[in-house]
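In the text below, chain A, chain B and the rest are named by the order of the sequence lines, each starting its count at 1.
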Amino acid sequence: MTPNATVQWFATGRRIFRGRWLATLGLAWLVLVVLAAVFAPLIVPYDPLEIDPVARLTEPGAAHFFGTDHFGRDTFSRSIYGARMAIVIGLGSVVVALLVGGLTGMISAYFTRLGAFLMRVVDVLMAFPALLLALVLMTILERSVMNTVLVIGIVYATTTARILFGMTLKLKNEVFIDAAVCSGAGHASVLFRHILPNLISPLLVQASFIFAFAQLQAAALDFLGLGLPPEVPSWGNMLSESRIYVTRAPWLLLFPGALIILSVFSMNLVGDALRDSIDPRFKNDIKGV
Amino acid sequence: MTTDAERPLLRVRDLKTHFTLKAGGLFSGTRKVLKAVDGVSFDLAPGEVLGIVGESGCGKSTVGRTLTRLEDATGGTAEFDGQEMLSLSKADFRPLRREIQMIFQDPFASLNPRLTIEQTLSEPVRIHGLETTREAIRERIARTLTQVGLDPKVMSRHPHEFSGGQRQRIGIARVMIVEPKLVIADEAVSALDVSIQAQVLNLIKDLQTESGISMLFISHDLGVVRHICDRVAVMYLGRIVETAPRATLFSAPSHPYTKLLLASIPRIRPGRVAAEDRGEPASAAAPPPGCPFHPRCGLATDICRSERPLPVDLGNGQFSACHHAGNQQGEAA
Ligand SMILES: Nc1ncnc2c1ncn2[C@@H]1O[C@H](COP(=O)(O)OP(=O)(O)O)[C@@H](O)[C@H]1O
Ligand code: SF4
Ligand SMILES: [Mg+2]
């Protein structure tokens, strides 16, 4: 990035977060989560998978900040690696949702005949509550990181498709699209060179909401034993395992629970701040997912 | 301007563009047909500027949009340089896009806010393969920007950094950069401040004279049309009611509707009352039978209410679609 562009990014960031203390705190928290995820191996005092039968269900203290679980695994180390999973699930779901949903919405709005059919399919999928749809899909599929990402991504692809459908419909009637056609632009050029760049900021907002809700979905699937494989240190799995020990070892519930809530809340705050900063034309299109 | 020996650059015959409007509920499906353009014919000679005037909603823009294939024609033909173009597939029409260009009305809406001027102007050059190297493309952009009176340095900027007049110059540059044969200008200066209108209008006129392109100049403003056009066609409810060389149209209009339009331009003697009451134009969705102008026409007789008038040749290139056209003026000269 050129220094100029960096300055511009910085200025935009300031404009969006100025006077919004909660959103700024949320952003700070997310930065922490990302740092934890990236530098996890350097931070953790123990191997998150290492079993220590002697230290089973140790209370939080100097040796184990967040205590240990029923296998004697260090909850702090598992929480740090859980941040990795949170980012992987969040980013993965966002990519799948935006690619599948975004393309479906844009193409449906542009090619109206095909679109009428595609959006009908989207409507049918949207008739199911998000979690139910995810549950049904996950019962068919094997538990894995990949499948969890795919399923959550597909679930949120429906709302993304709806939103992009509406926005593309508006944009395709813009005069500059007619002008591009008169310049000789073909379908691909109109869609990806002229329409898509005008959708970047609303897409970013949409992405932040999907990122947040994907955490809840993933936690719910993990909790129900349908998400990530049980040995994977994710916040949802940790929460799920804590159930049986909740009276003897409440910290097992407390720490991953707090991490999930804080992160989801932060992402929502950031999403709200982004939404308020975008083109007013599209504000009503995005109502969360 | 038009001599019979010359083949017209554009030959439009009985052009029709009808829109199907869905009215009523989701399932009732009653469809109404709006005949925005309903049988328009004209020729445009090489190097000629033909004005199309008429009240808002009479179908002027739709004529322009149909001839650029932004709308699909419902009927009729349009020969460009001898080639029928309305029946071409979109792919076969693509090479013609270079030859037929359009200047849009709203200079704020017609430029993609996300693209720099260089990106916008390079698009047609790349698509039509007019230059191959990046350097050559930039050079061509610089040349064209100079041509429309802008500093070539502006090419790295985004549209929001320009005023309305400057943006319209950019819009004109986008048209001129491909060296078209036909330019359709749809209300090209109507959205601009009056103080800017004359500048942009002069620019268009100069560019047209220098390059000898043919032009279809669409406007609701007779004053503007008078400034730039060789010949003028007057439209009413999707049809051309009168065509005449500029001087004739303004000094000796034939059609009652043309007279009404002329009477309504603000002019030297503002106290003078218009010849007829200026009623509301009838709707294109439900045009009156016979002569579409008859509900507003002071000269209307029985035949006007039942039969659609055909254009009458009044000589010297003047045509008027009025049952009483010949009589009013005395027999055609
Ligand atoms: N895409 C469209 N769909 C339906 N009706 C249209 C469309 N475009 C124009 N019209 C209608 O066609 C008529 C002529 O419009 P237009 O060509 O824009 O008139 P003008 O440019 O002379 O003001 C108007 O009644 C307008 O509402
Ligand atoms: S045909 Fe009749 S109604 Fe129509 S303009 Fe002529 S005189 Fe008027
Ligand atoms: Mg118009």
Is it true that atom CD of A:Gln8 has more than 12 heavy atoms of other residues, nucleotides or ligands lying nearer than 6.0 Å? no

Is B:Gln105 in contact with chain A via its backbone, its side chain, both, or neither, using a 4.5 Å heavy-atom distance? neither

A:Cys182 and side chain to side chain contact (heavy atoms under 4.5 Å, CB included): which single residue from B:Met102, B:Arg98, B:Arg65 fits? B:Met102

Pair B:Leu111, A:Phe176 - check side chain to side chain contact (heavy atoms under 4.5 Å, CB included), show working. CA-CA 5 Å; B:Leu111 296 173; A:Phe176 66 77; 5.6 Å; no

Hey, could you give me the CG/CD distance between A:Asp178 and B:Glu71, rounded to the nearest 0.5 Å? 8.0 Å

Test your reading of the model: is there a side-chain donor-acceptor pair from B:His128 to the backbone of A:Ser183, 3.5 Å cut-off? yes

Taking atom CZ of A:Phe265 as the centre, report whether more than 12 heavy atoms of other residues, nucleotides or ligands fall under 6.0 Å from it. no

In terms of heavy-atom contacts, does CZ of A:Arg113 have more than 12 from other residues, nucleotides or ligands at under 6.0 Å? no

Heavy-atom pair of closest approach, residues B:Glu123 and A:Ser189: OE2-OG, 3.4 Å

Any idea which of B:Asn112, B:Ile127, B:Val125 has the most non-hydrogen atom pairs under 4.5 angstrom with chain A? B:Asn112

For the CG atom of B:Asp106 and the CD atom of A:Glu174, what is their distance to the nearest 0.5 Å? 9.5 Å

Check: A:Gly184 main-chain N/O paired with B:Arg94 side-chain donor or acceptor under 3.5 Å: yes

To the nearest 0.5 Å, how far apart are CZ in A:Arg193 and CG in B:Leu115? 5.5 Å

For A:Phe128, does the CZ atom sit with more than 12 other heavy atoms under 6.0 Å from it, leaving out its own atoms? no

Considering non-hydrogen atoms only, spot the tightest contact between B:Ser110 and A:Val175 and give its length. CB-CG1, 3.8 Å

Before giving the answer on side chain to side chain contact (heavy atoms under 4.5 Å, CB included), spell out for A:Val181 and B:Arg69 the whole-Å C-alpha distance, their side-chain angles and the decisive distance to 0.1 Å. CA-CA 9 Å; A:Val181 170; B:Arg69 299 282 303 261; over 6 Å; no

